[in-house]
Amino acid sequence: MAAASTTQRAPAQQTTLAGLGRALVQHQIIRLDQATAIQRKADESNTAFIDELIAGGTLNAGQLARFIANAFGHPLLDLAALEPSNLPTDVLDTRFALAARIVPLGKRGNRVTIAISDPTDARLVERIRFTAQAAVDLVVVEHDKLLRLIERLGRSTTEQLSEFTEGEVDLELAPDEQQASTQEAEVDDAPIVRFLQKILVDAIQSGASDLHFEPFEKFYRIRFRIDGELREIAQPPLAIKDKLASRIKVISKLDISEKRVPQDGRMKLVLSAQRTIDFRVSTLPTLFGEKIVMRILDPSSAKLGIDALGYEPDQKAALLEAVHRPYGMVLVTGPTGSGKTVSLYTCLNILNGPGINISTAEDPAEINLPGVNQVNVNEKAGLTFAAALRAFLRQDPDVIMVGEIRDLETADISIKAAQTGHLVLSTLHTNDAPTTLTRLANMGVPAFNIASSVSLITAQRLTRRLCSCKAPLEIDESALLETGFLESDLDGSWVPLRPVGCERCNGSGYKGRVGIYQVMPITEEMQKLILAGGNALQIAAQAELEGVRDLRRSGLMKVMQGLTSIEEVLGATNE
């Protein structure tokens, strides 16, 4: 009798369960009390049973999909094998499909095939049948992959962009009055405004250095460069590409009607009364619209301090000694994106004070430094680096910063300034410190001018910093020696580490970046070698004798300190 009573009560307790929860209990995958608790939590948070089930870790998405396919007799599909751009768009209304969290896979005759993660929702299946006006074949897919695919597919312009709520940020608009009056109707679209604000704030919060807005024939994507690597962030509707480009161009004071040639501009994002972020904007006409790249120029990066850049103690001491000299030239070299600008601005920030007159010529000025006289080079107007330098010399300067030495005229004036009692900071695009000297010679600068003016050269690269989820790497000593480690390094006091991946680093194993440097002071012996016409190999050999570490050696020291991985150093030093 008691058993019969129990049998009667069980269905009453299960009546609150969703179809999926009931099936899991009946197949003894989870207990009744577990399913009831999950359903109660889903009801309270207004979410689906399957969301709470996976979020709680009771089952993972793969296990659940296999169970559903077997229990209900539906085929199982791995969404990773699908190319989103090839999915049909005319089977179901896009808004309905995305709101219902289903993906149409195709239509044949009077039957549609639908990818779904929970086919136990009879009402939803009936709605699909009614909306499609066709019979429905269900295919089970993993819930997490389905959600990611839906995120990628994007929604219609109004539906997707209206979800971006009014943020607490404000884009500082500064278009010409004529532009504003003639183009307001085209670009003053509130969802577009909120979408752009959201993207910019997300980029800043994620530590991105660049944003890429890229139109293609069948899709539109947005990518961020984070820690030196491009990552796809979103694929908004293709229909917004022109409005979004127009919005960015108006804010950046660019010609909205000109879509045939590249343009450059700037825009500003006011985060708070204390923090403003500038963006350098570049447009490029492509086959399917204008690609826009925005470089984030955060003034706080110049105020991190030299200790945050990754210089070793002896390198830091040599650099500080050079920048505190009353005259001479300090050169920073490296490829694009190696952190040269931040290094230069850090040095300027150290020198910036009420008793120092600092002038910079840049193309363009990337970071606004209060107290520093910054000039944007404008070659069309005749304001070249050389012209700006000549003007600086009549402005009673103490420190001059030249964005880049590109030609003999700029190099010649910079060197003369360094010889006549001014400290000159500049950059060159060379691979390492020794080749910088030969590069100046190849430009036509006389050897005696190089020897008498250049006081220090620092070459640099950026490597990704290992996240806290790092783990020891198993590797033979012979492989370490081939990489460049010395016998004396392998003393057992350290172990090489490898990336693992966690939520904090989005699975990449890396979070942030750290610099590796070759800091080469120009000593008397090196000056003699320059005057004798020594080549880069001879200069490098002399530097090694004087204890200057090359980029590879500096990178390996970061590996020994547990800051980065061997792969990162090998990739950055390109040897």
Side-chain angles (χ1 to χ4, degrees), residues 302 304-325 327-335 337-351 399 401-402 404-405 414 418 423-440 450-451 453-463 465 484 486 513-527 529-530 534 536-561 563-564 568-569 572-575:
L304 293 174
I306 196 169
D307 293 322
L309 299 183
Y311 286 95
E312 299 296 334
D314 58 331
Q315 295 175 333
K316 172 186 169 184
L319 179 61
L320 289 177
E321 192 273 333
V323 299
H324 280 107
R325 289 183 183 179
Y327 59 89
M329 178 181 284
V330 175
L331 295 173
V332 180
T333 76
S338 60
K340 300 188 299 296
T341 300
V342 171
S343 293
L344 279 179
Y345 275 102
T346 300
C347 293
L348 289 178
N349 208 48
I350 292 170
L351 298 170
V399 179
M401 195 269 272
V402 185
E404 183 184 350
I405 294 178
S414 300
L423 177 65
V424 179
L425 308 177
S426 190
T427 69
L428 273 173
H429 286 279
T430 56
N431 290 328
D432 57 16
T435 55
T436 304
L437 296 171
T438 55
R439 168 78 174 133
L440 288 173
I450 299 173
S453 60
V454 180
S455 55
L456 180 137
I457 302 171
T458 173
Q460 64 183 73
R461 301 288 189 277
L462 288 177
T463 61
R465 187 189 294 266
L486 306 177
R513 289 192 286 180
V514 62
I516 58 175
Y517 303 90
Q518 179 185 28
V519 179
M520 188 177 80
I522 306 302
T523 60
E524 288 187 13
E525 290 299 321
M526 207 166 289
Q527 287 176 338
L529 190 56
I530 295 168
L537 292 176
Q538 294 170 316
I539 294 169
Q542 179 61 34
E544 187 176 357
L545 288 176
E546 295 176 2
V548 174
R549 292 183 294 276
D550 61 14
L551 288 166
R552 170 64 64 85
R553 181 63 187 164
S554 293
L556 295 180
M557 289 184 68
K558 294 291 188 292
V559 173
M560 294 168 65
Q561 294 164 14
L563 296 176
T564 190
E568 279 294 298
V569 172
T573 53
N574 196 28
E575 294 180 14

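Since the structure is predicted, the reported quantities are computational estimates derived from the model, not experimental observations. Hydrogens, waters and symmetry mates play no part in the numbers below; they use all other heavy atoms, side chains included.
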pair Ile350-His324: side-chain heavy atoms closer than 4.5 Å: yes

Donor-acceptor contact below 3.5 Å, side chain Glu568 vs main chain Arg465: no

Closest approach of Ala318 to Val519 (non-hydrogen atoms, all atoms of both residues): CB-CG1, 4.0 Å

Ion pair Lys558/Glu312, N-O distance below 4.0 Å: yes

Thr346 to Val342 - nearest heavy-atom pair and separation: OG1-O, 2.7 Å

4.5 Å side-chain heavy-atom contact, Cys347 and Leu425: yes

Residues, nucleotides or ligands: over 12 heavy atoms within 6.0 Å of Arg439 CZ: no

Any Thr458 side-chain heavy atom under 4.5 Å of Ser343 side chain: no

Lys316 (side chain) donor-acceptor with Ile306 (main chain) under 3.5 angstrom: no

Residue pair Ile516 / Thr573, side-chain heavy-atom distance below 4.5 Å: yes

Ser554 side chain vs Tyr517 backbone, donor-acceptor pair below 3.5 Å: yes

Close side-chain approach of Gln527 to Ile522, heavy-atom, < 4.5 Å: yes

Any donor-acceptor N/O pair, Ser453 side chain to Gly328 backbone, under 3.5 Å: no

Flag, side chain of Ser426 to backbone of Leu331, donor-acceptor distance under 3.5 Å: no

Met520/Thr436 under side chain to side chain contact (heavy atoms under 4.5 Å, CB included): CA gap, chis, key distance, verdict: CA-CA 11 Å; Met520 188 177 80; Thr436 304; over 6 Å; no

Rounded distance [0.5 Å steps], CG in Leu319 versus CD1 in Ile457: 12.5 Å

Residue pair Leu428 / Leu440, side-chain heavy-atom distance below 4.5 Å: yes

Gln561, CD atom: more than 12 neighbouring heavy atoms under 6.0 Å: yes

Val424 side chain reached by Val330 side chain, heavy atoms, under 4.5 Å: no

Over all atoms of both residues, closest heavy-atom pair of Arg461 and Pro335: NH1-CD, 3.4 Å

Contact summary for Leu551 and Ala459, nearest pair of heavy atoms: CD2-O, 3.6 Å

Point-to-point distance, once rounded to the nearest 0.5 Å, from CG of Leu462 to NZ of Lys340: 9.5 Å

Where Ser414 and Val402 come nearest, the two heavy atoms and their spacing: OG-CG2, 3.8 Å

Short side-chain donor-acceptor distance under 3.5 Å, Gln538 and Gln542: no

Close side-chain approach of Pro434 and Gln518, heavy atoms under 4.5 Å: yes

Donor-acceptor contact below 3.5 Å, side chain Gln460 vs main chain Gly339: yes

From CA spacing to verdict: side chain to side chain contact (heavy atoms under 4.5 Å, CB included), Ile539, Met526: CA-CA 7 Å; Ile539 294 169; Met526 207 166 289; 4.1 Å; yes

Atom pair CD1/CD1 of Ile450 and Ile530 - distance to nearest 0.5 Å: 6.5 Å

Spacing of CZ belonging to Arg325 relative to CG belonging to Leu456, to within rounding of 0.5 Å: 8.0 Å

From CG (Leu437) to CG (Asp432), nearest 0.5 Å: 9.5 Å

Leu344 CG to Met401 CE distance, which is reported to the nearest 0.5 Å: 5.0 Å

